[in-house]
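Data block below; observations after.
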Amino acid sequence: MEKFIQVIRDKVKVFSQLTASAVRPDGRPCPPYKIVILDEADSMTHAAQAALRRTMEKESRSTRFCLICNYVSCIIDPLTSRCSKFRFKPLGEGMMHSRLELICREENVKCEQAALKCLVETSGGDLRRAITCLQSCARLKGSEGITEQDVFEVTGVIPNHWIVGLLKICQQSDFQKLEAYVEELMCEAYSASRVLEQLHEIVIKSTDLSDHHKSVICEKIALCSYRLQDGASEFLELLDLCSTIMKSNLKI
Amino acid sequence: MSLWVDKYRPTNLSKLDYHKTQAAYLKNLVQQGDFPHLLFYGPSGAGKKTRIMALLRELYGSGVERLRMEHMNFQTPSNKKIEIMTVSSNYHIEVNPSDAGIYDRIVIMDLIKGAAQTHQLDASGQRDFKVILLTEVDRLTKDAQHALRRTMEKYVQTCRLILCANSTSQVIPAIRSRCLGVRVPAPTHAEIIAVLQNVCKKEGVPLPDELADRIAVKCNRNLRRAILMCEACKVQQFPLTKEQEIAEPDWQVYLRDTASLVLQEQTPKKLLEVRTRLYELIVHGIPTDIIFKGLLKELIKNCDLQLKTAVIELAATHEHRLHRGSKVIFYLESFIAKFMALYLQFMEDTIGGMF
């Protein structure tokens, strides 16, 4: 992490101090500045960003900066105020769909409409991920057509009946069953973080749960997901979540 | 004489006992002579390694089975030397980088660089890439995983990675998205029985159906353990009978006894006794999540639902803290102590309510 600030202080500063010529080698005119592109700028430390700020201002005559980041909130204010911002929204579903169709046509891949739809949905607006998935599916299946099931398998999406079943079991107050169910879920090798994601979606959209109930569940999901990130045991976290849901079910 | 587990391990993708459609897909995948980076995930004893080796064999022929062990040395920036065991053939190299503890990043970087920078000499009749097989990727530090992601992209020309993990939750998304995930679910009850019967038939040992059924229940859908148990049964008593006792792993028994100790008496003296037992488990290398899981399962057996949720929450919290901290015994012991307090309270309440 110390490296970032060093890079900004040495490399970027020295580079931006040099002036660029206003003519290209072939004699035609071009803008008289250089461009520094900082990719994934949001992973820079605040100290490094602060170091950049001075350079940016001082050398604006010779150099332009271009920052690329996922979250603009991770860039310190003094930097954002010095830049003009361009926001890139996630791609629309229609756009992605047509792109994937084009690829299928060009590569001669047979793909069901349902599978394409599923690809678009699971990628969450990430076209690169959708395309990689498509390629992986095509490779696995060879000359056979791609079905929805294959997309599920490659993306690691858990079939809905598992999640619905989990919620249903939480509504009964049979603990033994719950434990066995979670155990089985783990044996099927579905990842717990994925379970949390899908569970969250279902809980949010559900109409039979009360608002209070939803808030309790969501809070626990958040906590479990954080713990999983730290490397906690999947079984324990899932069981914890489910028993909380069960308990809150009983109260109401 | 080799163990049955190794002796009857299928070596060919078409000879696998279960997940046959998946095997067909894997075959499809390598038939084109090339494949993306792969990430195999599933619980232990589900057959991840078997599938990987069968895949490699499909790709390179029987040459991959001529294995040799090598010790590799790495040096950290602080001049500490680490030694890592690798198993390799002419075509692939297998490492468990998490053996190096917190220095796993260096191992990953040096190893992949070393393997990837040497090109295959005779490209005709061979693949022009090497395979690096990394096991227990989920145990890697985040630092190492980030290093892995960079090297994965950089050396895609000369090497393919096959990663093997128990769960994908601990693998960073950046790696997950770069690999083709292959889910290997644990075999079902019926599949385990079929495999056991098959193995016993080949060994010429008649296996009663009831015994096979009981082994399949006991093994927690872990095929390796099932076959080992079956062989242990045969060693204990031959010919096999249906009422025969199945030997469980001794740590499991030990863990259960520990839990019952806790349930017997909730005093500081008992806690001290439990501590020695916990230490015993830790020094024998039983993973902490298994200790937690085993203890929890036993402890909550005679609690009511209210207490159950409390205890589970306690276990989850402590298990999580254990990952943030460094000394595992603190958290295990704290969990036991907390449980004792809760349980005592619970017992007093129920007994008090009776009068």
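Below, read A as the first sequence line, B as the second, and so on, with proteins coming before strands; counting in each chain starts at 1. FYI, side chains are in, hydrogens and waters are out, and symmetry mates aren't considered; it's all heavy atoms of this structure. In this text, all values refer to a predicted model and were calculated from it rather than measured experimentally.
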[X], part contacting chain A, at a heavy-atom distance under 4.5 Å:
X	result
B:L322	neither
B:K301	neither
B:T188	neither
B:V184	backbone

Looking at [X] and [Y], what are the two nearest heavy atoms and their distance?
X	Y	value
B:I312	A:L236	CG2-O, 4.4 Å
B:A316	A:E237	O-OE2, 3.5 Å
A:A189	B:P43	CB-CD, 3.7 Å
A:C187	B:R221	CB-NH1, 3.5 Å

Flag the pair [X] and [Y] as a salt bridge only when some basic side-chain nitrogen lies within less than 4.0 angstrom of an acidic carboxylate oxygen.
X	Y	result
B:E313	A:K220	yes
A:E183	B:K297	yes
A:R227	B:E319	no

Examine whether an atom of [X] lies under 4.5 Å from a heavy atom of chain B, and if so say whether it belongs to the side chain, the backbone or both; otherwise answer neither.
X	answer
A:Q176	neither
A:M186	backbone
A:E179	side chain
A:D150	side chain

Counting only heavy atoms not in A:R194 (residues, nucleotides, ligands), do more than 12 fall under 6.0 Å from its CZ?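 It does: A:R194 CZ has more than 12 such atoms within range.
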Does a side-chain heavy-atom distance below 4.5 Å link [X] with [Y]?
X	Y	result
A:E188	B:R183	yes
A:Y226	B:H320	yes
B:T309	A:M246	no

What's the spacing between A:S243 OG and B:K308 NZ if we round to 0.5 Å?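 Reported to 0.5 Å precision, the distance equals 10.5 Å.
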Under a 4.5 Å cutoff for heavy-atom pairs, which residue among A:Q229, A:R129, A:E153 has the most contacts with chain B? A:E153
Donor-acceptor contact below 3.5 Å, side chain B:H323 vs main chain A:G231: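 Checking the backbone N and O of A:G231 against the side chain of B:H323, a donor-acceptor pair under 3.5 Å is found.
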Strictly distance-based, threshold 3.5 Å: is any side-chain N or O of B:N28 a donor or acceptor partner for the main-chain N or O of A:K141?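 Yes, B:N28 side chain to A:K141 backbone: donor-acceptor pair under 3.5 Å.
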Do you know which of B:P36, B:A46, B:G42, B:P287 has the most heavy-atom pairs with chain A at a distance under 4.5 angstrom? B:P36
Most contacts with chain A, counted as non-hydrogen pairs under 4.5 angstrom, among B:L314, B:D289, B:L180: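 If we count pairs closer than 4.5 Å to chain A, B:L180 comes out on top.
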